[in-house]
Amino acid sequence: MEKAKSVLQLLGAREENIHNLTASVKTSEKVSVQVLLQPQYLKRFILTTGYYFFSYFGYYGFVLWLPSILATVYHLSLVKTFTYTLFVALAAIAGRAAAFWTIERFGRKQLFYVGFGLGGVAALLFGLIKDPSLLVWGACILSFLYEQGVAGTVVYTAELYPSKVRATATCWSTGAGRISSAVSPIVFGYFMKIHFYYGVFLTMAIFFWVAVALVYFLGVETRGRSLAEIGAA
């Protein structure tokens, strides 16, 4: 406090204006997950945990099993598998860049529609490819699309909650995504074990579309709107 008073004096404050100056200590309010279950937050909490869970289930299951799919299902060599995986990673970077370029032009919800909506279609088509020479194109298109949806989950979540509950809501929502990203490789691995390869792509499509449906029915567009306007103040 004494240092604060001396700084104020250096800035031109008079002694009579600062000698009664007192410090107020504001304690931080702890927010538990029960707060997110209250009516004003419940719908959005279902939305964010839902799209994290369903989209990450399809995303991580495919990403982690892609090299094995290329080598086991399509019998590609190790060198070609590595090369294709590298191309897919580059397509993912391009998809993320496209998301950040379009997000302020067309809004947040479009990232889910394009990324996971079209990504589900691309997943079903990718599973039908028989020609190994077309695999790299199919995988790159799929990667380009779903990376836009993943970018949407990161940006959109932070804009749906007021600052006092934002950290708690984000942590629990992303936690749902972490759970699904741990479970999905096991499920996809089972599909691989029983040789139900198309089940990988079918599951991807269904789970992506569930995430899209949640955004469509429960989400609000936040582009160009204040937190007060979207009910997050």
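Starting from 1, each residue takes its place in the sequence as its number.
Applying the salt bridge (Lys or Arg N to Asp or Glu O under 4.0 Å) test to every pair with at least one member in residues 82-97, sequence neighbours left out, gives these pairs: Arg96-Glu147. The stretch residues 106-124 participates, sequence neighbours left out, in these salt bridge (Lys or Arg N to Asp or Glu O under 4.0 Å) pairs: Glu104-Arg108, Arg108-Glu159. The side-chain hydrogen bond (donor to acceptor under 3.5 Å, both in side chains) analysis of residues 173-194, with sequence neighbours excluded, yields the pairs Thr48-Ser173.
For Ser55, the side chain to side chain contact (heavy atoms under 4.5 Å, CB included) test picks out Phe116, Thr153, Ala211, with sequence neighbours left out. Here Phe106 pairs with Thr102, Gln110 under the side chain to side chain contact (heavy atoms under 4.5 Å, CB included) rule; sequence neighbours left out. Applying the side-chain hydrogen bond (donor to acceptor under 3.5 Å, both in side chains) criterion to Tyr197, with sequence neighbours excluded, gives His195. Taking Leu64 as the reference, Pro185 meet the side chain to side chain contact (heavy atoms under 4.5 Å, CB included) condition, with sequence neighbours excluded. Residues passing the ring-ring contact (aromatic ring centres under 6.0 Å, His included) test with Tyr146, sequence neighbours excluded: Tyr59. Evaluation of the side chain to side chain contact (heavy atoms under 4.5 Å, CB included) rule for Phe144 yields Ala94, Ala98, Gln148 as partners, not counting sequence neighbours. Residues forming a side-chain hydrogen bond (donor to acceptor under 3.5 Å, both in side chains) with Thr203 (at least two apart in sequence, or on another chain): none.
Think of Phe100 as one node in a network of Ile, Leu, Val, Met, Phe, Trp and Tyr side chains linked at under 4.5 Å; its network also takes in Ile103, Leu111, Val155.
Between Tyr52 atom OH and Leu47 atom CG the span is 11.0 Å, to the nearest 0.5 Å. The CH2 atom of Trp137 sits 9.0 Å away from atom CZ of Phe87, with the distance rounded to the nearest 0.5 Å. Note: Leu76 CG to Tyr84 OH = 6.0 Å, rounded to the nearest 0.5 Å. Between the OH atom in Tyr56 and the CZ atom in Phe207 there is a gap of 16.0 Å [rounded to 0.5 Å]. Of the inter-residue distances, the one linking Leu90 atom CG with Thr85 atom OG1 reads 11.0 Å to the nearest 0.5 angstrom. Atom NZ of Lys80 is separated from atom CG of Leu135 by 9.5 Å, given to the nearest 0.5 angstrom.
For Phe208 and Phe54, the ring centers sit 6.0 Å or farther from each other.
Around the NZ atom of Lys5, the shell of radius 6.0 Å holds more than 12 heavy atoms that belong to other residues, nucleotides or ligands. For Tyr216, the OH atom sits in a loose shell: 12 or fewer heavy atoms of surrounding residues, nucleotides or ligands are nearer than 6.0 Å. Counting heavy-atom neighbours within 6.0 Å of Trp209 CH2, excluding the residue itself, gives a total above 12.
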Inset, instruction - With ring pair (Phe, Tyr, Trp, His ring centres under 6.0 Å) as the test, would you mind laying out the steps for Phe45 and Tyr41 before giving the verdict? - result: CA-CA 6 Å; Phe45 189 51; Tyr41 302 125; 9.5 Å; no

Legend entry - Leu36/Leu42 under side chain to side chain contact (heavy atoms under 4.5 Å, CB included): CA gap, chis, key distance, verdict: CA-CA 6 Å; Leu36 300 175; Leu42 182 58; over 6 Å; no

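In this structure, Val200 is a member of the same hydrophobic cluster as Ile194, with clusters built from ILVMFWY side-chain heavy atoms closer than 4.5 Å. Following chains of ILVMFWY side-chain contacts shorter than 4.5 Å, one can reach Leu8 starting from Met1, so the two form part of one hydrophobic cluster. Residues Val33 and Val165 share a single hydrophobic cluster, defined by chaining ILVMFWY side chains whose heavy atoms lie under 4.5 Å apart. Note on Val63: it clusters hydrophobically with Phe53, by side-chain heavy-atom contacts below 4.5 Å among ILVMFWY residues. Ile141 and Leu66 end up in different hydrophobic clusters when Ile, Leu, Val, Met, Phe, Trp and Tyr side chains are linked at under 4.5 Å.
When all heavy atoms of Ala139 and Val88 are compared, the closest pair comes out as CB-CG2, 3.5 Å. Considering all non-hydrogen atoms of both residues, Val212 and Phe112 come closest at CG2-O, 3.4 Å. The two residues Ser6 and Lys3 make their nearest non-hydrogen contact at OG-O, 2.7 Å. Smallest separation of non-hydrogen atoms from Ser143 and Ala91: OG-C, 4.1 Å. Scanning both residues, Arg44 and Tyr161, for their nearest heavy atoms gives O-OH, 3.0 Å.
Without hydrogens or angle criteria, Glu221 side chain to Arg223 main chain gives a donor-acceptor distance under 3.5 Å. At distances below 3.5 Å, not a single donor-acceptor pair connects side-chain atoms of Thr157 with backbone N or O atoms of Val154.
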Can you give each donor-acceptor pair under 3.5 Å made by side-chain atoms of residues 118-132, sequence neighbours left out, with the distance rounded to 0.1 Å?
| unit_1 | atom_1 | unit_2 | atom_2 | d |
| --- | --- | --- | --- | --- |
| Asp131 | OD1 | Ser133 | N | 3.0 |
| Asp131 | OD1 | Ser133 | OG | 2.8 |
| Asp131 | OD2 | Ser133 | OG | 2.9 |

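Between Phe62 and Leu142 there is a side-chain heavy-atom pair separated by less than 4.5 Å. Between Val35 and Thr168 the shortest side-chain heavy-atom distance does not fall below 4.5 Å. A heavy-atom distance below 4.5 Å is found between the side chains of Tyr156 and Tyr51.
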